[in-house]
Every structure is written in structure tokens, then in C-alpha cells.
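Notes for the one structure printed next.
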Amino acid sequence: MSLSPSLAPVARRPLLALSGLMIAVLVLAALAGPALVPWDPNAIDLPHRLQAPDAAHWLGTDHLGRDILSRLVVGTRVSLGCVAVTMALILGLGLGIGGLAGYAGGRTDQVIMRVADVFMTFPTLILALFMIGMLGTGLVNVIIAIALSHWAWYARITRGIVLSMRHRDFLLAAQLAGASRLRIFLEHLLPATFSQLVVLATLDIGHMMLHVSGLSFLGLGVQAPTPEWGVMIADARSFVWTAPMLIFWPGLTLFLSVMAFNVLGDALRDRLDPHLVEGHGH
Amino acid sequence: MRAYILRRLILLVPMLLGASLVIFLMLRLGPSDPAMDYLRLSKVPPTPQALAEARTMLGLDQPILTQYLHWLGRGLQGDFGISYALQRPVLPDLLHFLPATLELAALALAFTLAVSVPMGIWAARHRDRWPDQIARLVAFLGVSVPNFWLGFLLVVVFSVHLGWLPPMGRAGPASLILPVISVAFMSLAINARLLRASMLEVAGQRHVRYALLRGLPPRRVERRHVLRNAWLPVITATGMHIGEMLGGVLVIESIFGWPGVGRYAVSAILNRDYPVIQAFTLMMVVIFVLCNLIVDILYALADPRIRQTPEEPA
């Protein structure tokens, strides 16, 4: 096998390749973060506060003398982990509830979709704020809040996909083979729906990351001193005049991460039926 | 058209009732006890007796449906109760902070449309050439940039370094520029991209090619045949963006010290100040739903097919 054909797609889609690299780095940081960094991300060292980048602190130190790069790397676990769990919850709720509505039809469908409609009258961030008002702040509550403010959108999309698949041959074949309704639902319909939904979910990962950090920035999500990117920006806000780089780095990290997932999501969507994505957006 | 508007208005009633039910029930079914929160925020030690008194006073000893109906009934008369933390009526305070928030949101929406529509048309006209590439780059950055980070970057450049614009507060038109850009950037990027795609799709359709073949001037074809149809997805998306903006404004307010409902709401959420959380959420939902009603009416005005079919627009 020659090298050129395998490299050709990379040359054609440098952005996608870069995004893939970025995501790989993020995943590595999330998995091994604390082991990778030379400094304790929460170690306060006041004599060395607000230092410019040098060989010891590649991105400098913050207002408490903590190493910025270490905090960024360790913070990846919170940001990425939070989004991963949130997404898993949303997919579970969306698939379960939306799949049930689409497959059962009739009154079940009516009731579920009316409830979903009500949830969709809330702007998502407002609903997430409301949920935090109910549950309180903190990492776990942010995950629940964001999941509960997005499930209805995914349920509706899932229902649409299920409805569009109801009369496909492989389902009729399973039915003729005598499979029970539950078995058809669990073994045939859900996996087929899931693969399509995952693509949509990838497109939304960036959006969720912005939600998580936005809530933390407001002081309603992950709490200081946990190294999380939104928390870091909030911590640094009083230094916008004297040390703007404290805000710059965590924001840039967040920005590049969101961008990488958006590029990946776009690429996945382009390979999928484009009509699926119509009407998706919030 | 009048029948369409009337039908949409009637549909609002069950929607808002549903939303109010969600707001009320979820807070009540949540993990914490409003009477405890009331005592905590009024700084009264939570003795069993004080707790029982608070429960009676707040009506928490009544069946939950009765409580909901009371809350809704009084709310319809403009009484959303008294803030636990501030010991002041909720509605006057909310109405005091709301205009600044709505001003920012409305200007951000206007800015979104004012920039994204020309940008989308421009990109579609010059497909794959440099105007299109610029619009593509803006869209690419716009969907990924955190609005609160963008706000700080703008402050650093235009207030700290250049000293052109105020970094904080609400004093005159100059103080609006940075917050409006921060709120609007993502929506305008998406909208421009959407309009471009939609225009190119319509431009490939037969009626447009026929109009060009008839020898009509291209600009006129663009205006009368392309834009008229290409508008429709943009109108729908704008309804979505209004929701994003209502949320975005709250975040941006905190950066620019904008005196809107943001700080009032955030401190209520931190304090679990139930009457404020309920009233704030309901108010945001009402604003969002009304904005979407206007969007739907505009859609129906732009697309006669919607008015005639009895079904909901998809």
C-alpha cells in the first residue's frame, strides 16, 4: 500500500484532520490530565502570581500563582466529561421517550409529544437556569439541568426518524418472522435510530460545551476552585485590565474545542442524509 | 389571515398553561423545601414551630393543585408573591429590570438581521469567491465562539487598548455596541449562512431559471423570485435565535454590568428564591412565545400556503 492515497483525504480536509487531532488531544487530557501536568492545578503560590509565560510556566500563572496550562489541561476532564455524560443522558431520554412515542403511536404519542411541546416553549438556557434554581449548583446538577432542558428536542427528532422507518423492509421482515413488538423496538428500531442520532449529537457537543461553561461562568455551574474553563474565565474577570491573558487562554481552549467538534459534526452530517438535519436547531 | 392569527392565539393558552404547570410543579417536586428556604433567607432559625408557621403562611399545607391555582390566579392579576430574600414584591422588581434586558435583546436581533441579510445575499451572489469565503469564515467562527469570551475580547481591544468604547454600564448608544455584538454574533453568523444556502437552493429551481430565460433583469429575479422563497427558513431560524438571545443576554449582562434582569435572576437562582425564579422563568417563556407568535405571523404573511392549510406549519 502506498502512502499517498491514505494521506490524500488529510490533504484535502486539513481542517478535519486538525479537528481530529484536537479532539484526540482533548480526550487524552481528559483521561490522563492530572498525570500529564507538571504542576498541581490548585497549588496556590502567591509570590509567583501573574507571571508571564516562561520555561517553568508555559502560559504563565494566574492571580493566585496557579499554573494556567495545568489548570487548562486538568479542566478538560470536567468540561469533556460533563458533556459526555450529559449527551449520554439526552440520547437515552430522547431515544427512549421519542422512540416510544413514534413506535407506539396513538394516545401515547399524543401525550408524550404535548409534554415535549411544553418543554420546547422554554428557551434552553432559561430552562437550564430554572432547573439549577430547583436543584442547586454543582457539576451533577448542571448535567441534569442541561439534559432536562434538551431532551424534548431529541425526543422529537427520534420520533421523526422512527416514523420514517416504520414501514422499512427490515422491520416488516422482523414482524413477519414473528418478533414481538418490544423485540422489534429494542433490537431493530433503536439501533438504526441511534446511529442517525449520534451524528446529530456530535453537532451539538460544541453547543453543550458552551452551555456548561456559560453556566459555570455565571457561578451557577461547576464551582471554584475546580479548574473548569468557564470558572477560570469568571475568576479572571477582575483582571481584564491588568492581565487579560488570564481570560484569553481558557476562552481560546474552549473556542478551539467547540470548533473541533463542530467540524467533526459537519463532516459526519455531510456523509449522512442531509434532509435529516432539517428542523434541527435550538 | 385574521383566522390564522386567532387560531395561533388560542393555541398559546394551553402552551402557557403547560409551561406554568411545569414551572410550578417542578420547583415543588424538587429536592428542597420552600419553607426551609424561606426561613433561611429571612434569617429565622428553623425551629419546628417556625417551620410550621412558614408552611401555613406560604400556603404549603394545602393540596398542591390548590397551591398552583392560587399562584396562577394571583399571577394573572399581577401578583407573583414576595421575594424571600429581598422581602419585596417580585413583579415590580422584575418589571424594573426587564426593559434594559429587552432593549439589549431587541437591538441584538435587529443587528443580527441588519448584518446577516446583506451578508447572506452578498455571499450567494458571489458563490465560492472571496465574499462567500468571508461569510463562511464568519459562520465558522460564529458557531464556535463563546459569547462571554467574545465580550471580554471586545472589552480588551476596544476599551482597554483603544479606549474607544465604554467597558461597562448603560450610558448612551456607545455603551450598547459591545454588548450587542457579543449577543448577536453567533446568530448573525448562522443566519447569513442559512440565507445563502437557501438562496442558492431556490436559485436552482425551475421558476427562477425560467424568469431569467424570459430576460428579466437578474436583480429583479433575485428580489421577486429568489428572496421571496429564500426568506422562509431564515424567518423560522430567527424564532429559534430569539430564545438563544434571551439566554445570551443574561450572560452578557454580567460582563458589561448591564442593569437588566440577569443579576436579579442569577442571585435568585443561587438563593433558591422560589417566587422570583417562578416569575422570572414564566416571564421569559411568555416573551419567547410571543416573539415566536410574531415570527409565525410573519411567516404566514410571507408564505400564503401556511394560511390556507389547517395544519400547523412544520
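- Panel note: side chain Thr121(A), backbone Met15(B); no donor-acceptor pair is recorded below 3.5 Å.
- Only the side chain of Val289(B) has a heavy atom closer than 4.5 Å to any heavy atom of chain A.
- In terms of non-hydrogen atom pairs under 4.5 Å with chain B, the most contact-rich of Leu135(A), Val258(A), Leu215(A) is Val258(A).
- For Leu250(B), the parts sitting under 4.5 Å from any heavy atom of chain A are the backbone and the side chain alike.
- Between the Trp229(A) side chain and the Leu72(A) main chain, a donor and an acceptor come within less than 3.5 Å of each other.
- Between the side chain of Thr158(A) and the backbone N or O of Gly98(A) there is no donor-acceptor pair closer than 3.5 Å.
- Contact of Phe261(A) with chain B is not made at all, since no heavy-atom distance falls under 4.5 Å.
- Ranking Met284(B), His161(B), Met245(B) against chain A, the residue ahead of the rest is Met284(B), based on heavy-atom pairs under 4.5 Å.
- Highest contact tally toward chain A, considering only Ile23(B), Ile255(B), Leu21(B), is held by Ile23(B) [criterion: heavy-atom pairs under 4.5 Å].
- Interface remark: Phe122(A) contributes backbone and side-chain atoms alike to the contact with chain B (heavy atom separation under 4.5 Å).
- Heavy-atom pairs under 4.5 Å with chain A peak, among Gly243(B), Pro233(B), Ser254(B), at Ser254(B).
- Under the 3.5 Å distance criterion, the side-chain polar atoms of Ser159(B) are matched with a main-chain donor or acceptor of Leu165(B).
- Side-chain atoms of Leu27(B) and Arg272(B), non-hydrogen and from C-beta on, never get closer than 4.5 Å to each other.
- Only the side chain of Val263(A) has a heavy atom closer than 4.5 Å to any heavy atom of chain B.
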Checklist entry - Going through the checks in order, is the side chain to side chain contact (heavy atoms under 4.5 Å, CB included) test met by Leu218(A) and Phe148(B)? => result CA-CA 10 Å; Leu218(A) 283 176; Phe148(B) 50 100; over 6 Å; no
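- Of all the listed residues (Leu29(B), Asn271(B), Val145(B), Asn147(B)), the one sharing the greatest number of non-hydrogen pairs under 4.5 Å with chain A is Val145(B).
- Counting only distance, with no hydrogens or angles, the side chain of Glu228(A) and the backbone of Val222(A) share no donor-acceptor pair below 3.5 Å.
- Contact of Asp117(A) with chain B is made through backbone and side chain together, with heavy-atom distances under 4.5 Å.
- Contact count against chain A (heavy-atom pairs under 4.5 Å) is highest for Pro146(B) among Pro146(B), Pro14(B), Gly18(B).
- If you measure heavy-atom distances from Val155(B) to chain A, the contacts under 4.5 Å come from the side chain alone.
- No hydrogens or angles considered: a donor-acceptor pair under 3.5 Å links the side chains of Asp273(B) and Ser83(B).
- For chain B, no part of Ser257(A) is nearby; none of its heavy atoms comes within less than 4.5 Å.
- Neither the backbone nor the side chain of Leu150(B) comes within contact range of chain A; no heavy atom of the residue lies under 4.5 Å from a heavy atom of that chain.
- Proximity to chain A (any heavy atom under 4.5 Å) is shown, for Leu16(B), by neither the backbone nor the side chain.
- Between the side chain of Trp71(B) and the backbone N or O of Phe80(B), no donor-acceptor pair lies under 3.5 Å.
- For a residue to count as touching a neighbouring chain, one of its non-hydrogen atoms must lie under 4.5 Å from one of that chain's; by this rule Leu256(A) does not touch chain B.
- Within 6.0 Å of CH2 in Trp151(A) there are more than 12 heavy atoms belonging to other residues, nucleotides or ligands.
- Between the side chains of Thr101(B) and Glu253(B), at least one donor N or O lies within less than 3.5 Å of an accepting N or O.
- Separating the CG atom in Leu109(B) from the CG atom in Leu246(B) is a distance of 9.5 Å, to the nearest 0.5 Å.
- Comparing Ile190(B), Val276(B), Leu141(B) by heavy-atom pairs within less than 4.5 Å of chain A, the highest count is held by Leu141(B).
- For Met209(A), no part lies near chain B; criterion is any non-hydrogen pair under 4.5 Å.
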